[in-house]
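Remarks on the structure that follows.
In this text, all values refer to a predicted model and were calculated from it rather than measured experimentally. Just so we're on the same page: letters track the sequence lines, and every chain starts at 1.
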Protein chains: 2
Amino acid sequence: MTDMANTNGLREVSRRAVRSKIAQAAEELFAVKGFDATTVDDIAESVGMSQRTFFRYFASKEDAALDSFERQSDDFLARLAGRPSEEAPWDSLRRVFDVVVEQCADAGHRERVAAVHRFIEASPTLLAAYLQKMDCLQQRLLEALVARSSANGRTADEPVLRAVVGAAFACLQAALARTADSLEGEDIATCLDRVMAALRPSCCG
Amino acid sequence: MTDMANTNGLREVSRRAVRSKIAQAAEELFAVKGFDATTVDDIAESVGMSQRTFFRYFASKEDAALDSFERQSDDFLARLAGRPSEEAPWDSLRRVFDVVVEQCADAGHRERVAAVHRFIEASPTLLAAYLQKMDCLQQRLLEALVARSSANGRTADEPVLRAVVGAAFACLQAALARTADSLEGEDIATCLDRVMAALRPSCCG
DNA sequence: ACTGTTTTGACAGTGACTGACAGATATGTC
DNA sequence: GACATATCTGTCAGTCACTGTCAAAACAGT
């Protein structure tokens, strides 16, 4: 037991590597055959492992498909933590969404994002799982905003703040839907700015 | 074949009756045992039918749990259709949400709604299905708003309108969450009015 | 080489859901 | 009332997602 921390760290790295290998293989299969027509056995076989082992890395088929959003959620929270606490929540959230905007700056990455959104919307059950993940993320962002608001001495109106977060995500979803529909018709950043300007809360949002 | 329309109408009525009988039994079981711990066989047995017949009335266990929202969706669309087309979408949506406010006026009904929301939030998979249903409803309301906008001669900015609908629903969800958390703390109508006033889009929403 | 930990595969089992078929039931005609 | 027909229902077999269990295998440190 020379350095258990190092060993555990290595285990973590290895685990992460296997996870993303599975997620990548799954993504390719989903893009070709669709989510519903692809079985977990298909995915497991394509990475050379048993079905049982797949489920040791992902709790469900949906989780494997939405792995990229798991990392994105952490990025969102990190961005929010990096924003000044006096900033209006609406402006902070716009900066948080830059995570997506920056992802879409690279053309290759943009195509990948579009492909994922395509097979998500093609499967009702996967779409449901996606929406739940977004809901969970909103919850976490809301908690962070409430915490920083009370740390600032101000006591926030929670229902309003919750609605503000939900409204901001509605703007993001609208901008994403736009770029998915009309390819290259409009820049995501431009569309997002326009929509979020139109929806900006009048007071203390 | 004297009157096929009448027969078909009777069949429809009968089918509806069976459906709501199943949905009611399911709701009671879910409220007691929770959604995940209740099997489809449990529900089928409690209404005296086979599992196979259950699935002839509902495509999934989730659908049986969310049956009440199916009817609510139709009510939402009907309300929107009854609103003047010159009205601002935001105001129309607030009137649409009166469907929920009126439901909650009756104390007994309010408790039932609270119970349903309780077991929805207790099950991640059911919550996911609920969110997807709401998403689908937003889509339908958006289409209606786009149609009435273009019928009015004005051509709407679709991304903005989509975000407006999403933001309005975020307000509704926030108000519902509020009444679920702090029982009797605040009237739903009051909370909804306050939140929707704070989030009202500045221009042409 | 030895030991304790972790990872893995094989197996069996549950629960949601579907297709196919045959018997029961109801409806309309004579 | 007898009969033909459309619909409803239960049974059965099968697929797929997912879980618990256990023993073999891969790996770590000594």
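Remark: A:Glu45 pairs with no residue by the salt bridge (charged side-chain N to carboxylate O under 4.0 Å, His left out) rule, at least two apart or across chains. Here B:Arg95 pairs with B:Asp98 under the salt bridge (charged side-chain N to carboxylate O under 4.0 Å, His left out) rule; sequence neighbours left out. Applying the side-chain contact (heavy atoms from CB on, under 4.5 Å) rule to B:Arg16 yields the partners B:Glu12; only residues at least two apart in sequence or on another chain are considered. Scored by the side-chain contact (heavy atoms from CB on, under 4.5 Å) test, A:Asp193 finds A:Arg94 as partners (sequence neighbours excluded). Here A:His117 pairs with A:Phe69, A:Tyr130 under the ring-ring contact (aromatic ring centres under 6.0 Å, His included) rule; sequence neighbours left out. Shown here are the salt bridge (charged side-chain N to carboxylate O under 4.0 Å, His left out) partners of A:Lys33, two or more places apart in sequence or in another chain: A:Asp42.
Contact of the B:Ser68 side chain with the B:Arg112 side chain is registered, since non-hydrogen atoms from C-beta on lie closer than 4.5 Å.
Using a 4.0 Å heavy-atom criterion, one finds that A:Tyr57 contacts the sugar-phosphate atoms exclusively. Among the protein residues, A:Thr38 comes within range of the sugar-phosphate backbone only, with heavy atoms under 4.0 Å from sugar or phosphate atoms but none that close to a base.
At whole-Å resolution of the value, CD in B:Glu62 and C1' in D:dA17 are 13 Å apart. Atom CG in A:Asp41 sits roughly 12 Å away from atom P in D:dC18 (whole-Å rounding). Distance CZ (B:Phe58) to C1' (D:dC8): 16 Å, rounded to an integer number of Å. Between the P atom of D:dT7 and the CE atom of B:Met49 lies a distance of 19 Å, rounded to the nearest Å. Distance, B:Phe54 CZ to C:dG15 C1': 13 Å, rounded to whole Å. C:dA10 atom P lies 12 Å from atom CD of A:Glu45, rounded to whole Å. Atom pair B:Ile43:CD1 and C:dG15:P shows a separation of 13 Å (rounding to whole Å applied). Atoms CG (B:Asp36) and C1' (D:dA17) sit 14 Å apart, rounded to a whole Å.
Among the nucleotides C:dT7, C:dA16, D:dC16, the one closest to any side-chain atom of B:Lys61 is C:dA16. For A:Thr53, counting side-chain heavy atoms from C-beta on, the closest listed nucleotide (C:dA16, C:dT8, D:dG10) is C:dT8. Taking the side chain of B:Ser60 as heavy atoms from C-beta on, and the options D:dC18, C:dC17, D:dC8, the nearest nucleotide is C:dC17. Proximity note for A:Phe55 (side chain, C-beta onward) versus D:dT19, C:dT7, C:dT27: the nearest is D:dT19. Closest to the side chain of B:Arg52, out of C:dG19, D:dA17, C:dA16, is C:dG19.
For the segment residues 14-26 of chain A, no residue has any heavy atom less than 4.0 angstrom from an atom of DNA chain C.
In summary, B:Asp91 and B:Arg83 do not engage in a salt bridge, as defined by a charged side-chain N under 4.0 Å from a carboxylate O.
Among pairs with a residue in residues 127-146 of chain A, those fulfilling salt bridge (Lys or Arg N to Asp or Glu O under 4.0 Å) read A:Glu70-A:Lys133, A:Asp74-A:Arg140, at least two apart in sequence or across chains.
Looking only at atom types and distance, the side chain of B:Thr179 has no donor-acceptor partner in the side chain of B:Arg110 under 3.5 Å away.
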Enumerate all atom pairs, one protein N or O and one N or O from nucleotides 13-15 of chain D, separated by less than 3.5 Å.
none

Between the protein and nucleotides 21-23 of chain C, list the N/O to N/O atom pairs that are separated by less than 3.5 angstrom.
none

Going by atom type alone, with no hydrogens or angles, which donor-acceptor pairs under 3.5 Å involve a side-chain atom of residues 48-67 of chain B and a protein atom two or more places apart or on another chain?
unit_1  : atom_1 : unit_2  : atom_2 : d
B:Ser50 : OG     : B:Thr53 : N      : 3.3
B:Ser50 : OG     : B:Thr53 : OG1    : 3.2
B:Ser60 : OG     : B:Asp63 : N      : 3.2
B:Lys61 : NZ     : B:Phe35 : O      : 3.0
B:Lys61 : NZ     : B:Thr38 : O      : 2.7
B:Asp67 : OD1    : B:Arg19 : NH2    : 3.0
B:Asp67 : OD2    : B:Arg71 : NH2    : 3.0

Side-chain atoms of residues 158-170 of chain A: list all donor-acceptor pairs with protein atoms under 3.5 Å, sequence neighbours left out, distances to 0.1 Å.
unit_1   : atom_1 : unit_2   : atom_2 : d
A:Glu158 : OE2    : A:Arg162 : NH2    : 3.3

